[in-house]
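Data first, discussion second: the structure below is written as C-alpha cells.
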Amino acid sequence: RREPIYQGSSRKYGFIRLGNTDNNLFYFALDLATGPHPLLYLDRNQNGDLTDDGGPIINQGERGGVFSSEITLPFHRILKGADFPEDYKAWLFTNETYWERDVMCIYSKSQLKGKVVLDGIEYLTYLADARTNNATYTNKGIYIDVNRNGKIERNSEFIEPDAVAEINNKRYEFKITW
C-alpha cells in the first residue's frame, strides 16, 4: 500500500511465509541501491506499509554474497496465541546463484525452550525450526536433555518426528502441535 522513497533505480519484491496464523505472509522489497548490497524493507506489522516498520535493513553478511541479514518479528504475528517476550529471529539471505533465480533463503535462529515432565521427572526441552524453516515448530523433532546435565547433546538427545524414544526404560512418542 505504501512504499518508502527508495535509493536505487529498481527493486525486487517478495514475501516470506512464516507460522500458523491466518495472515502468515510478510512482504518485503529489496531496494537495489547504489553500492555492493541492496537494502531490505520488511513489512513486520503486516499492514501493507513498508514505511512504518523502521528504516531499511542493511546487509550484515561478512563474506561475499548479494544480501544477508538478521530479521526479527514478533512471535504473536507468527504463532497463534504465542505471547513470548522475545522476537522470532531468522537469517535472510541470497547469493549470486539464488539472486539470478529471484530466490531468498531463510533459516531460523530462534528455538523454543521449555520443560517436559516424564514419569515425574522434569527435563529441559527445545523445539527448533529445523529442515523447512517456516516458523511453525511442529513435528520437526524435539531436543530433550535426557541425561539432565543442563545442555543438549545435538546428536544423542534429538528425537526425530514420529520416532519412539526410550527414556528411563519407558517409551515415548512426541507430537508437536499448536
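What's counted below: heavy atoms across the whole structure, side chains too, no hydrogens, waters or symmetry copies.
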Side chains of [X] and [Y], heavy atoms from C-beta outward: is any pair under 4.5 Å?
X	Y	result
F93	Y98	yes
L118	N168	no
P38	V66	yes
L127	I176	yes
F26	L42	yes
T125	K113	no
F15	D43	no
Y172	D119	yes

Tell me whether [X] shares a hydrophobic cluster with [Y], the cluster being built from Ile, Leu, Val, Met, Phe, Trp, Tyr side chains joined at under 4.5 Å.
X	Y	answer
Y126	Y137	no
Y88	W91	no
I144	I121	yes
I71	Y27	no
I152	I167	no

Measure the [atom1]-[atom2] distance between [X] and [Y] for me, rounded to the nearest 0.5 Å.
X	Y	atom1	atom2	value
N59	S68	CG	OG	4.5 Å
N20	L79	CG	CG	5.0 Å
L112	F75	CG	CZ	5.0 Å
K109	T72	NZ	OG1	10.5 Å
Y123	N147	OH	CG	10.0 Å
K89	Q111	NZ	CD	10.5 Å

Q.
Students often mix this up, so state it plainly: with edges at 30° and 60°, are the rings of Y143 and F158 parallel, tilted or perpendicular?
A. tilted
Counting only heavy atoms not in [X] (residues, nucleotides, ligands), do more than 12 fall under 6.0 Å from its [atom1]?
X	atom1	result
E166	CD	yes
K175	NZ	yes
N149	CG	yes

Strictly distance-based, threshold 3.5 Å: is any side-chain N or O of [X] a donor or acceptor partner for the main-chain N or O of [Y]?
X	Y	value
N95	G65	no
T94	V103	yes
Q46	L25	yes

Q: Check step by step if side chain to side chain contact (heavy atoms under 4.5 Å, CB included) holds for V146 and E157.
A: CA-CA 6 Å; V146 176; E157 295 182 320; 3.9 Å; yes
Q) Does the pair N24 and R77 meet the rule for a side chain to side chain contact (heavy atoms under 4.5 Å, CB included), with working shown? A) CA-CA 8 Å; N24 66 354; R77 294 225 171 260; over 6 Å; no
Q: Using a strict 4.0 Å threshold on nitrogen-to-oxygen distance, state whether R171 and E173 make a salt bridge.
A: no
Q. Is the shortest distance from a Lys or Arg side-chain nitrogen in D53 or R44 to a carboxylate oxygen in the other one below 4.0 Å?
A.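 Here D53 does not pair with R44 in a salt bridge, since their nearest N and O are not under 4.0 Å apart.
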**Q.** Minimal non-hydrogen separation, G8 against D31, with atom names
**A.**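 Shortest heavy-atom separation between G8 and D31 comes out as N-OD1, 2.9 Å.
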Q: State, to 0.1 Å, how close A165 and I159 come at their nearest heavy-atom pair, and which atoms those are.
A: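 Taking every non-hydrogen atom into account, CB-CD1, 3.6 Å.
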Q: Tell me, with the steps shown, if L124 and K151 meet side chain to side chain contact (heavy atoms under 4.5 Å, CB included).
A: CA-CA 8 Å; L124 172 68; K151 55 187 174 182; over 6 Å; no
Side chains of [X] and [Y], donor plus acceptor under 3.5 Å:
X	Y	result
S108	S110	no
D52	N47	yes
T136	N134	yes
N133	K140	no

Q: Just grab all the salt bridge (charged side-chain N to carboxylate O under 4.0 Å, His left out) pairs involving residues 5-30, residues at least two apart or on different chains.
A: K12-D102, D22-K80
Q | Step-by-step side chain to side chain contact (heavy atoms under 4.5 Å, CB included) determination, L73 to D87 | A | CA-CA 5 Å; L73 298 164; D87 286 339; over 6 Å; no
Q) What residues join Y6 in its hydrophobic cluster, counting side-chain heavy atom gaps under 4.5 Å, either direct or through other members? A)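 Same cluster as Y6: Y13, L39, Y41, L50, I58.
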